[in-house]
Amino acid sequence: MGLDGLVPRHVAAIDPYVPGKPMEELERERGLAPGSAIKLASNENPLGPSPRAVEALRAESERAHWYPDGSSWALRRALSRHHGVPFEEVAVGAGSNELINLLALGFVGANEEVLLSSCSFLCYELACRAAGVSFRSVPMREHTVDLEAMAAAISERTKLIFLANPNNPTGTYFSRQTLERFLVRLPPRIILVLDEAYFEYVEATDYPDSLEYRDSIPRLVTLRTFSKIHGLAGVRVGYAITDASIVQFLDRVRAPFNVSSLAQSAAIAALGDAAHVARSAELNRLERAKLFTRLEALGCRPVPSQANFLLVEPSRPASEVYGALLARGIIVRPVGNYGLDNHLRISIGTAEANHRLCVALEEILS
Ligand SMILES: *Cc1c(COP(=O)(O)O)cnc(C)c1O
C-alpha cells in the first residue's frame, strides 16, 4: 500500500533525526568486546551523573508505580531558588528538546514564522516541521551565528527566534555586545529563545548570561538542560525560565505528566551538587585545550569552542575518517545533516578517551 494521504504533507517531508551511534550498537556490529567502544558523539558528560543523582534515582525507583507530580512542583521550586527567579517563571520538560517542540507547537500561528540560523541545533527545524509551522534559516558566517543578518531577516511574520549560545554543532558563541546590538532591533512581540545547553562550560568573559536580560526583554525564553554538564542525558529533563504567561501556555500544550518522577528527583539532586558541576567543567576546560592543540597539530582545523565538543575539518574526507574511527571502536559525529559535509563533531571525553582518539587519528591521517 502506498503512503499517499497517510500523513499530512508537512509530516511526510520530515527527515528523521539521526542521533549519535550507541556504543552497544557498534560493539554488536563489529564483534567488539562489550564496553570496549568509546562514544564521543553526543556531548554527554564523561564523568557521568552526580552520585547524589544516582542515589535519588535509586530511591525514587521504589515509588515508580505512582504517577509523577504533574506540576513538577519540587523541581521547579529548586530551580527557582537556584536561579533566584519566581516559581511561576520556571517550566520543565522531558529534556529541553520537549520545550523546543512545545514552543513551536504552541506559539506560532498559520501566518507566522520562526527564524533560525543555519548550522544550528537541528531540533529547532524538526520542531517546526512537526508542528507544521513555517521557518526560515539565516546563513552563518565563519562558523558563527550571524546576529546582524538575523536581525535584518526579521519580518512582519516573524514570531519566534531560536538561538543557541554556545552553538551546536560549531561550539562558537556570540558576545554580550553582539547580543545587545541584536536586542535593540528585536520587536517586542517576538519570542526570543536563547538555548544555553552548554552554559556551564563557557569560559569567555564577554559571554552573555541571558537571565540578565529578563527585565528588558519580556518575551525572552532561557533554555537550560540536565543532559550536558549534569550528566543526565538518559533521564530526559530540561527547563525554561521565562515570563509566567509563557509558562502557562506551555502548560496547556504539554502532556500532563511530561517529566517522570525519576527525572524530577534526579534533577533536584544534581542541582544540589555544585562540586560535581565544578569538577565536570574543570575536566572539560583542561581536556578541551589539550585536544584542541593535538587536533590542530594533526591538521584537523578545530574551531575554537566554548562547549564540551570540537568541530573539526580533517585533511581527509570526513566520512572516511568517521568510518576509520568506527573500525577502531571510536564513535564521533558526522555533521553532514547540518550542511557541514567536510566536518566531524567530537565530544570532549576523559583524558584516556581523548588520547585514544588522537592515537587513532594519527594512524588514519598519516
Ligand atoms: C544537547 C542540546 C540540548 C539538550 O537537549 P535535551 O533535550 O535537554 O537533552 C539543547 N539544545 C542544544 C543546542 C543542544 O546541543
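One-based numbering, in listed order, for ligands and for the atoms of each. Owing to the predicted nature of the structure, the values given are computational and were not obtained by experimental measurement.
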Test the R76-F87 pair against the cation-pi criterion, namely NZ or CZ under 6.0 angstrom from the six-membered ring centroid and within 45° of the ring axis. yes
Compute both the distance and the angle, then confirm whether R345 meets the cation-pi test with F309: under 6.0 Å from the six-membered ring centre, within 45 degrees of the axis. yes
Short N or O separations between ligand 1 and the protein, below 3.5 Å:
| unit_1 | atom_1 | unit_2 | atom_2 | d |
| --- | --- | --- | --- | --- |
| ligand 1 | 5 (O) | S96 | OG | 3.3 |
| ligand 1 | 7 (O) | S96 | N | 3.2 |
| ligand 1 | 7 (O) | N97 | N | 2.9 |
| ligand 1 | 7 (O) | R236 | NH2 | 2.6 |
| ligand 1 | 8 (O) | S96 | N | 2.7 |
| ligand 1 | 8 (O) | S96 | OG | 2.8 |
| ligand 1 | 8 (O) | T225 | OG1 | 2.6 |
| ligand 1 | 8 (O) | S227 | OG | 3.4 |
| ligand 1 | 9 (O) | S227 | OG | 2.6 |
| ligand 1 | 9 (O) | R236 | NH1 | 2.8 |
| ligand 1 | 9 (O) | R236 | NH2 | 3.3 |
| ligand 1 | 11 (N) | D195 | OD1 | 3.3 |
| ligand 1 | 11 (N) | D195 | OD2 | 2.6 |
| ligand 1 | 15 (O) | N168 | ND2 | 2.7 |
| ligand 1 | 15 (O) | Y198 | OH | 2.6 |
| ligand 1 | 15 (O) | K228 | NZ | 3.4 |

Distance only, no hydrogens: is a donor on one side chain within 3.5 Å (strictly under) of an acceptor on the other, for [X] and [Y]?
X: D69; Y: Q264; answer: no
X: E44; Y: S347; answer: no
X: Y124; Y: D195; answer: yes

Under-4.0 Å salt bridge between E112 and R157: no
